[in-house]
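In what follows, every chain begins at residue 1, and chains take the letters A, B, ... in the order their sequences are listed. Since this is a predicted model, take the numbers as computed values, not measurements.
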2 protein chains.
Amino acid sequence: MSGQNVLVVGGAGFIGSHTAKLLSKQGYEPVVYDNLSTGHLASVRWGTFVEGDILDTQRLIEVVEDHDPIAVIHFAASAYVGESVEHPAKYYRNNVGGTQSLLEACRFAGARNVIFSSSCATYGVPDQLPIREGEAQRPINPYGRTKLIAEQMLADYSVAYELRYVALRYFNASGADIDGEIGETHDPETHLIPRALMAAAGSIDFLEIYGNDYDTPDGTCIRDYIHVADLARAHVLAVEHLVNGGNNLAVNLGTGHGTSIKEILDAIRRLTGHNVPVEMRARRAGDPPVLYADPALAAEKLGFQALYSDLDTIIRTAAPFFGLEVRT
Amino acid sequence: MSGQNVLVVGGAGFIGSHTAKLLSKQGYEPVVYDNLSTGHLASVRWGTFVEGDILDTQRLIEVVEDHDPIAVIHFAASAYVGESVEHPAKYYRNNVGGTQSLLEACRFAGARNVIFSSSCATYGVPDQLPIREGEAQRPINPYGRTKLIAEQMLADYSVAYELRYVALRYFNASGADIDGEIGETHDPETHLIPRALMAAAGSIDFLEIYGNDYDTPDGTCIRDYIHVADLARAHVLAVEHLVNGGNNLAVNLGTGHGTSIKEILDAIRRLTGHNVPVEMRARRAGDPPVLYADPALAAEKLGFQALYSDLDTIIRTAAPFFGLEVRT
């Protein structure tokens, strides 16, 4: 397997860079393609880097022809829910148009194995918990819609053009590199755990909490947090699945259990000694009280188990990137 | 109202050209924009013609700026279900990318009223009949998916960019110009009534019928056929709705009743004196036995009633374009 190329589109981003590192550790050669619009060149430390935009189909064709990858992992997307409501044009262009541009390059240059970063946002507000892959996909914002459209495009391309794919529906990506090499940095930062750590460290004044009167044990929303090291490993498993001739898949990547916001704040206090100052806000439209995955299908089809996604490991790995020491 | 421009993108096609004619008759100035890939220059007889592609956003911006239309009607799409399965790339590019290209031009050049040709194909196999607009939209082929994606894009653009729209979900478009000026010509011809008339006229050997053992009174599939003159009128009503400040709408355009294939063949024989030679084939996957619209919402919101969609008028207007005389 050693030395085989894997094209990692969007590989300078949070999950992409962790995946590139793991691919490299496991003997693959990551070829990172990124326009650095939100990714960081400092996170590209493994394999080959090519600067380019996902909408540049011709450049992607050249990269696929030059590197002949055994699989293509597609991380490149705009990923802010709020921004997607305010500027949907960007999301249709980057996430829908971008996916088609990449798939066209794969089609013309003969890359047949595609792994796609999908999202639990494609489910919207589910009828049942835990969320299974057969649940109706009814996204409630443009971000979720564009992720679902990309899944449908993959399915339609697969029927017509012999492409095979794995769509990985992430729940809440969190944590940072176990070795301390790469962390989570978004600008603006909108994710809960990073913002909570920033508030604990004093780099922002407070964490906003949108509703504490939900029908949950402590009143705050419950989500399924999965460590980025686990997400990265799932991508490597998906590469192996496709390279070994596996069928198309769309699977959840979650842990199967939920964590409330209050539990996160308690863990940060316990592990760092810092309180997280908070401000209460009104509920946001479309925020369900509880979301968590049924992770059984990923276990069955990919042999995937979350290993690093307990709350303490998530906080312990993430905290140093926000200037917080963790108690041992 | 006289002399106000309406941009008709895809206005050289079947429904587009009928709509351009009616707009012209009602005192509007149609500006037809078409790449003539499937449309016919011979059908562009009213208003101004601009040759151009819907993917050419810059050209569309210039056209919108030059003509300052009170509304934009978007007919330009690839529209063969079978082809969409075999070549989905074309459908995502033309129907999804094309719609975004047009909406971007509208956004940049300040056109705010958009009327979109949607389809009953966005519903897939409905849970209930008649099909109401609130029915779940679960398309079963790439054509239907790309039409639904365009509807969602319109809704998302409307929230973000102050655009307003009417999505018209056509059932089975049929018939031809009441005055005999423009008919239905597709290459290849895949629509039932044109193919039946071609078989009756001897220009093809036979009509294929996919299944005659459905659970319907005569065993053949039942669909809701709506005359192109009625469709054209609905578009003019939609222009008026938006120009008068009406809200976003997505409405069915159908008659509310269904017609079986056998009823169509009987009518052709009765009206032209020619038998339609047929060959029976196996059912096609995803062909529901019965589909027809609930037309109440279009009546309520647009004041729309089908006036020309009885079977005899459909056959009488279409037959002459296939070289068949109609008995009086």
Given a strict heavy-atom distance threshold of 4.5 Å, which part of B:Tyr161 is in contact with chain A: side chain, backbone, both, or neither?
side chain
Residue part contacting chain A, namely of B:Val85, when any heavy atom lies under 4.5 Å
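For B:Val85, backbone and side chain are both near chain A.
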How close do B:Glu86 and A:Ala160 get, heavy atom to heavy atom, and via which atoms?
O-CB, 3.5 Å
Please tell me whether A:Asp156 and B:Tyr92 have a donor and an acceptor in their side chains that are separated by less than 3.5 angstrom.
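Present: a donor and an acceptor within the cut-off.
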Do B:Glu104 and A:Arg93 touch side chain to side chain, with heavy atoms closer than 4.5 Å?
yes
Are A:Arg145 and B:Ile149 side-chain neighbours, meaning at least one heavy-atom pair lies under 4.5 Å?
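Not touching, per the 4.5 Å side-chain cut-off.
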So CZ of B:Arg138 and CZ of A:Arg138: to nearest 0.5 Å the spacing works out to 9.5 Å
Count the heavy atoms of every other residue, nucleotide or ligand shown that sit under 6.0 Å from CG of B:Asn247, and state whether that count exceeds 12.
no
